[in-house]
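Data block below; observations after.
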Amino acid sequence: MTVYRLGYVAMSLNLQNASPSQTMTLKSFKNINDWEAAVRKLERIAKSNIQNCLRLLKHNKAHEVDFFRLSSRLVPLATHEDLAKWDYIAALKESLIELGRFSEANGMRVDFHPDHFVVLNSPDKEIFQVSLDVLKYHYLLLRYMGLSPDHRCVIHLGGRYADKEQSLERFIDHWSVVPKGIQKMLIIENDDTSYTLGNCLYVCEKLNIPQVFDIHHHLANHDGESWEDHWPRVVNSWSHSPLPVKMHISSPKSEKEFKAHADYVDVDLLLDFVKKTNGSARQIDCMIEAKKKDNALFKLTNELKKHPNIEMITQSSFKWKD
DNA sequence: GCTCGTCAAGGACCT
DNA sequence: AGGTCCTTGACGAGC
């Protein structure tokens with residue numbers, strides 16, 4: 001019997017003024033002539049983002065949601081080369097530890113998914129280095145939150161660069177120069193344009209990396225393969241992880257805009273996944289990637305509650321009963 | 001208190 | 001080779 005746990009991404013539609021992604025562009029930073037004053041403003045924004053994250057976790061606790069993706073934009077400009085001498089960790093230490101403690105004390109799984117500009121298979125050395133810098137930033141946030149960074153950060157394999165096979169092998173080549181701590185932090189997700197679940201599993205098995213299965217991406221990009229055939233390999237890729245198997249689920253916005261995310265997740269898509277994977281693992285964590293964020297999660301759980309074969313365990317976790 | 005253009009990034013894709 | 005789109009939420013200018 002598998003326990004399924006639902007989570008959502010980065011922000012809530014139910015909390016007012018609780019954005020964890022307030023920002024400052026490089027342009028507006030440079031418009032402030034006093035460097036110290038500009039940095040102080042950045043630090044105010046970053047602290048507010050982290051404090052808003054804590055509010056989000058408290059909101060989640062109230063609704064028994066204990067799976068959550070943190071915004072990657074907590075610290076604006078943290079990885080920008082022009083701010084390399086800015087010691088953002090020193091300014092944010094206390095806020096970070098408070099956030100980490102709350103998530104640990106409440107048994108929450110929190111993780112990151114930096115956007116697609118992290119490309120470890122880039123043939124351009126500078127882009128590869130910037131990607132490492134961005135990953136190091138995520139690593140530091142986790143460390144200073146007091147959390148083990150292992151398997152907390154989802155990335156994609158990267159670009160095709162006109163030769164997909166060679167570019168996939170370049171990921172494997174580059175992996176050897178990725179610092180060990182960052183290697184252990186990473187998990188790989190199939191994408192909707194280039195690397196299919198089969199491609200990703202090949203890399204994951206070679207490098208001993210857990211595979212994050214994205215069912216929406218798979219439907220958009222699958223080379224005629226069925227995910228069901230690959231599923232045992234996905235589960236097996238998590239065998240060395242202390243964390244449960246993780247997957248992403250979203251519904252297409254429309255037939256025409258198939259790759260875009262819909263407001264909500266179709267409950268039948270989730271039910272089909274549950275029926276096909278029930279019993280395959282002790283627990284599977286399902287990340288709801290929908291425009292309506294936590295409201296999409298709440299809508300799903302309301303629909304699940306009414307299903308005769310679903311037994312709710314908490315407000316956001318459940319199991320299938322025959 | 002709205003709407004719309006802007007910001008920031010790398011790559012895919014089209015001309 | 002160059003231009004446009006993709007994605008994201010926030011922000012700021014202008015009404």
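Sequence lines set the chain letters: A, B, ... in the order given, protein chains first and strands last, and positions in each chain run from 1. When reading the values below, keep in mind they use all heavy atoms of this one structure, side chains included, and skip hydrogens, waters and symmetry mates.
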Reference residue A:R233; test salt bridge (charged side-chain N to carboxylate O under 4.0 Å, His left out); the match among A:E225, A:E205, A:E228: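 One option only clears the test, and that one is A:E205.
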So which protein N/O to nucleotides 13-15 of chain C N/O distances come out below 3.5 Å?
none

Tell me, please, which residues at least two apart from [X] pass side-chain hydrogen bond (donor to acceptor under 3.5 Å, both in side chains).
X	result
A:E169	A:Y202
A:R40	none
A:E104	none
A:K164	A:N199

Over how many whole Å does the gap from [X] atom [atom1] to [N] atom [atom2] extend?
X	N	atom1	atom2	answer
A:K253	C:dT7	NZ	P	8 Å
A:R69	C:dT8	CZ	P	10 Å
A:H113	C:dG9	NE2	C1'	16 Å
A:L13	C:dT8	CG	P	14 Å
A:Q16	C:dA10	CD	C1'	16 Å
A:H216	C:dC6	NE2	C1'	14 Å
A:H261	C:dC6	NE2	P	15 Å
A:H116	C:dG9	NE2	P	14 Å

Can you sort out the partners of A:H216 under ring pair (Phe, Tyr, Trp, His ring centres under 6.0 Å), two or more places apart, ordered by chain and number?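 Ring pair (Phe, Tyr, Trp, His ring centres under 6.0 Å) check on A:H216 returns A:F258, A:H261.
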Please list residues of residues 73-88 of chain A whose heavy atoms come under 4.0 Å from any atom in DNA chain C, ordered by number; otherwise none.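 Heavy-atom contacts with DNA chain C come from A:R73.
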Inter-residue atom distance A:Q129.CD - A:E81.CD, 0.5 Å rounding: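 A:Q129 CD to A:E81 CD: 11.5 Å, rounded to 0.5 Å.
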Looking at CH2 of A:W231 and CG of A:L201, how far apart are the two atoms once the value is rounded to the nearest 0.5 Å?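 It comes to 10.0 Å.
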Under a 4.0 Å heavy-atom cut-off, which of residues 22-32 of chain A touch DNA chain B?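 Nucleic-acid contacts, sorted: A:T25, A:L26, A:K27.
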Testing A:R69, A:K246, A:H138 one by one against A:D111 for a side-chain hydrogen bond (donor to acceptor under 3.5 Å, both in side chains), which residue passes?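 Filter result, single survivor: A:K246.
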So what is the end-to-end bend of the helix from B:dG1-C:dC15 to B:dT15-C:dA1, with 5 pairs used at each end and the value given to 10 degrees?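 Answer rounded to 10°: the end axes differ by 60°.
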Would you say CG of A:D82 has more than 12 non-hydrogen atoms from neighbouring residues, nucleotides or ligands within 6.0 angstrom?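 More than 12 heavy atoms, drawn from other residues, nucleotides or ligands, come within 6.0 Å of this atom.
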With a cut-off of 6.0 Å (strictly less than), are more than 12 heavy atoms of other residues, nucleotides or ligands near NZ of A:K293?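 Count over threshold, so yes.
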Is the phosphate of C:dT8 approached by A:K291 (side-chain N or O, under 4.0 Å from OP1 or OP2)?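 Yes, within the criterion.
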Hey, are A:R5 and A:D285 close enough for a salt bridge, meaning a charged N less than 4.0 Å from a carboxylate O?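 Between A:D285 and A:R5 there is a salt bridge, with a charged N closer than 4.0 Å to a carboxylate O.
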Got a salt bridge between A:E43 and A:K47, using NZ or NE/NH1/NH2 to carboxylate O under 4.0 Å?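 The answer is no: the pair does not qualify as a salt bridge.
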Could you check whether the rings of A:F171 and A:W175 sit parallel, tilted or perpendicular, using 30° and 60° as the cut-offs?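 Parallel: the ring planes of A:F171 and A:W175 meet at under 30°.
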If you look only at pairs with a residue in residues 87-102 of chain A, which of them pass as a side chain to side chain donor-acceptor pair (under 3.5 Å), with sequence neighbours excluded?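 The answer is none; no pair qualifies.
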Using a 4.0 Å heavy-atom cut-off, does A:S122 contact any base of the nucleic acid, only the sugar-phosphate backbone, or nothing at all?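 Contact class for A:S122: sugar-phosphate only.
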Can you give me every donor-acceptor pair (side chain of residues 6-18 of chain A, partner residue at least two apart or in another chain, under 3.5 Å) with its distance?
unit_1	atom_1	unit_2	atom_2	d
A:Y8	OH	A:N60	OD1	2.5
A:S12	OG	A:N14	N	2.8
A:S12	OG	A:L15	N	3.3
A:S12	OG	A:H59	NE2	3.4
A:S12	OG	A:D294	OD2	2.6
A:N14	ND2	A:D294	OD2	2.8
A:N14	ND2	A:N295	OD1	2.8

On DNA chain B, which is the earliest and which the latest nucleotide, 5' to 3', with an atom closer than 4.0 Å to a heavy atom of chain A?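 In short, chain A contacts DNA chain B from B:dC7 to B:dC13.
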Judged by each residue's nearest nucleotide on DNA chain C, which is more toward the 5′ side, A:K41 or A:M11?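 Nearest-nucleotide comparison on DNA chain C picks A:M11.
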